[in-house]
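Below is one structure, written out as structure tokens; comments come after it.
The structure presented is a predicted model; accordingly, all values stated were derived computationally and were not measured.
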Amino acid sequence: MPGFAVIDVETTGLSAAGHRVLELAIVRTDPAGRVLDEWVSRFNPEGPVGATHIHGITAADVARAPRFTHVLEEISDRLAGAAIAGHNVKFDLAFLRSEYARAGWALPHLPAACTLAASWDHLPHLDRRRLPDCCEAAGIRHTGAHSALGDARATAALLAGYLGHGFAQPPTAKLLALPQLAWNVAWPTAPGGVEPFGADAPARVQRWTAAPKPPAIPLVQLLERFRLADALDDGAPDGSLPYLQLLSEVLEDGVLDEEERAALVDLAAIYDLDAQAVAAAHRGFLLALAHLALDDGRVSRAEKAELTATADLLDVPVNVVTAVLDAAEGARLARLSAGLRPLPADWSLGEPLRVGDKVAFTGCDWAVRERLEQRADQLGVRVMSNVSSRTARLVTDGSFEGGKADNAASLGTRLAHPDEFAILLDHLQPVVSKSAVAAPVPRLGAASTASTESSTVVAAEGRTVPSAHVGPSPAAVRAWARINGYEVGDRGRLPAEVTEAYRRAQAGASTH
């Protein structure tokens, strides 16, 4: 009975058009995924071997190896009659197709199963879907990673799990039907049916250099936590996930050289992504990274610099990074604003402190200052190292003069004793929308009350400050929904009924 031929290739680079297969492993199975036999061979790529630090193959290892064309007929014999399987199988098939074309042979269209794509059904909880990630989640021992035979064996074991009933999701009818479809594929018995690669192919290969990768930069820390599905929420096309998986691996060293950039163009063609789809995939990838960077509450200067550099590498306008960071920061501030209590009726400290306000410290007891700075940061009040016209308060006990104190005096910045600042934090008020419209607000005295609406801004000493309705932010709606028993995800569009229920709840609260 026909079964599967599980394949894995190690290559000199990422571009099937310009790079070569160094090693090919084929693990044949029966229709249930039981292993029948294994085969592996290395090949002389007729040029540099590429990234030895990844695949472990040196020029000396393949100096006396056969060329792919010399083993092509044996490879065809092993593949014929079986459905192909692989982890990100389009990548492996693209390299096989290119090697066949170089030799003047036409590789037929082969029914194929991708264990990466199927992992969404059988292992839906995973953040990353590399072969080691899937094997670990499935309890499969993966030895010899980044060797063709080691990876093919692990992929075969993963495929056997999909074909069996070891996962919650049973095998699909499409997967079970592949071997029979493959059995009916006609294989060529002689060269022909395809134009051999042009004379420029060797030149493209020769331009590949196996330069050592620079040390990893902190961007890799974001990529290690990166969820491919988040890129979909941020606009990446559905079919771009295998491409983005490879892109994330390429970017782990923080560098995208010209050879890698050209390879990505070839990869996009493998996954049928046109220029518009690639641009959307890059933008979704970058936005997901930016949101991930904000998960710890704020984006550091180093993280912002890395995101900006990545935007440049992927030809995404830098202002997209700025926009998403501003939007994400606004969502975070809105989330921190949700549920804050109104000012007490006997409030006497004038204009309150708000989420998103900037403050600075000078003097003060060291332990007290550290405690207040940490609390302010947790609540969404930004602690700055200097005093500017945008500083809401300078926290000082009066023990230190000059520097920040002088700047505060010249700018008219309000001062707050540490004890007073602690009270301001206790009664922190919601963020003010940047789009708010200026409107006069009565001066708040000892007997005045403050509105509970986050759209109303209390003013002190006759100042005119912005006041306008602030529309519900997704973050605020999500926080309210979870408290009130609604099931909502961390990303994606919120159900209209949840948003409407939130609006009604806010409107009802404002009437009490």
Side-chain angles (χ1 to χ4, degrees), residues 2-11 14 16 21-42 54-57 75 78-97 99 107 110-124 126 128-167 169-172 174-179 181-182 228 241-243 245-246 248-249 267 270-271:
F4 291 88
V6 182
I7 64 173
D8 188 83
V9 297
E10 298 300 323
T11 66
L14 293 173
V21 173
L22 280 172
E23 188 175 47
L24 168 66
I26 303 173
V27 176
R28 292 194 295 193
T29 78
D30 68 7
R34 291 183 289 264
V35 174
L36 301 176
D37 58 39
E38 299 176 342
W39 179 89
V40 64
S41 178
R42 286 179 175 175
I54 294 178
H55 50 58
I57 301 172
I75 294 170
R78 291 183 173 276
L79 297 180
I84 305 300
H87 200 74
N88 206 348
V89 71
K90 281 190 175 183
F91 179 86
D92 301 88
L93 281 175
F95 271 88
L96 283 187
R97 190 167 289 108
E99 290 292 356
L107 185 70
L110 302 174
C114 180
T115 55
L116 185 154
S119 71
W120 292 94
D121 293 325
H122 298 286
L123 301 166
L126 293 185
R128 298 290 295 275
R129 299 182 181 274
R130 298 167 300 182
L131 182 58
D133 303 322
C134 292
C135 286
E136 181 180 1
I140 294 171
R141 186 180 179 187
H142 183 198
T143 58
H146 289 302
S147 70
L149 186 56
D151 287 349
R153 285 171 173 168
T155 303
L158 192 60
L159 175 67
Y162 294 166
L163 290 166
H165 295 275
F167 295 95
Q169 180 75 19
T172 64
K174 181 178 180 181
L175 177 62
L176 296 175
L178 288 178
L181 293 175
L228 287 174
L241 292 186
Y243 169 84
Q245 176 67 65
L246 291 169
S248 66
E249 295 173 16
L267 286 173
I270 291 173
Y271 298 112

TODO: Give the C-alpha distance, both sets of side-chain angles, the deciding distance and a yes or no for side-chain contact (heavy atoms from CB on, under 4.5 Å) between V27 and L149.
DONE: CA-CA 8 Å; V27 176; L149 186 56; 4.2 Å; yes
TODO: Check the pair L24, L96 against side-chain contact (heavy atoms from CB on, under 4.5 Å), reporting the backbone distance first and the verdict last.
DONE: CA-CA 9 Å; L24 168 66; L96 283 187; 4.1 Å; yes
- [ ] Go through the steps to decide whether L158 and H122 satisfy the test side-chain contact (heavy atoms from CB on, under 4.5 Å), and finish with yes or no.
- [x] CA-CA 10 Å; L158 192 60; H122 298 286; over 6 Å; no
Open item on the list: Quick one, T155 with I7, criterion side-chain contact (heavy atoms from CB on, under 4.5 Å). Give me CA distance, side-chain angles, the key distance, then yes/no.
Closed with: CA-CA 8 Å; T155 303; I7 64 173; over 6 Å; no
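The CZ atom of R129 lies 12.5 Å from the OG atom of S248; values are rounded to the nearest 0.5 Å. Here the NE2-CG distance, from H146 to L131, works out to 9.0 Å after rounding to the nearest 0.5 Å. The line from CD1 of I54 to CD of E249 is 8.5 Å long, rounded to the nearest 0.5 Å. A distance of 8.0 Å separates OG in S147 from CZ in R153, rounded to the nearest 0.5 Å. The CG atom of L181 lies 11.5 Å from the CG atom of L110; values are rounded to the nearest 0.5 Å. With rounding to the nearest 0.5 angstrom, the SG atom of C114 is 7.0 Å from the NE2 atom of H87.
In terms of heavy atoms, S119 sits closest to C134 at CB-SG, 3.8 Å. Nearest heavy atom pair, residue A82 against residue A5, reads CB-N, 3.8 Å. A pairwise comparison of heavy atoms in A113 and F4 identifies CB-CE2, 4.3 Å as the closest pair.
Contact of the I26 side chain with the R28 side chain is registered, since non-hydrogen atoms from C-beta on lie closer than 4.5 Å. By the 4.5 Å heavy-atom criterion applied to side chains, D151 and H142 are counted as neighbours. Side-chain contact between Y162 and L123 is present, with heavy atoms from C-beta onward closer than 4.5 Å. The closest side-chain heavy-atom distance from Q169 to P124 is not below 4.5 Å. In this structure, L175 and L159 have side chains that are in contact, with non-hydrogen atoms separated by less than 4.5 Å.
D8 contributes no side-chain N or O that, together with a main-chain N or O of A25, makes up a donor-acceptor pair within less than 3.5 Å. In this structure, E10 contributes its side chain and H55 its backbone to no donor-acceptor pair below 3.5 Å.
Classified by interplanar angle (parallel below 30°, tilted 30° to 60°, perpendicular above 60°), the ring pair Y243/Y271 is perpendicular.
By the 6.0 Å contact criterion, CD on E38 is enclosed, its count of non-hydrogen atoms from other residues, nucleotides or ligands being greater than 12.
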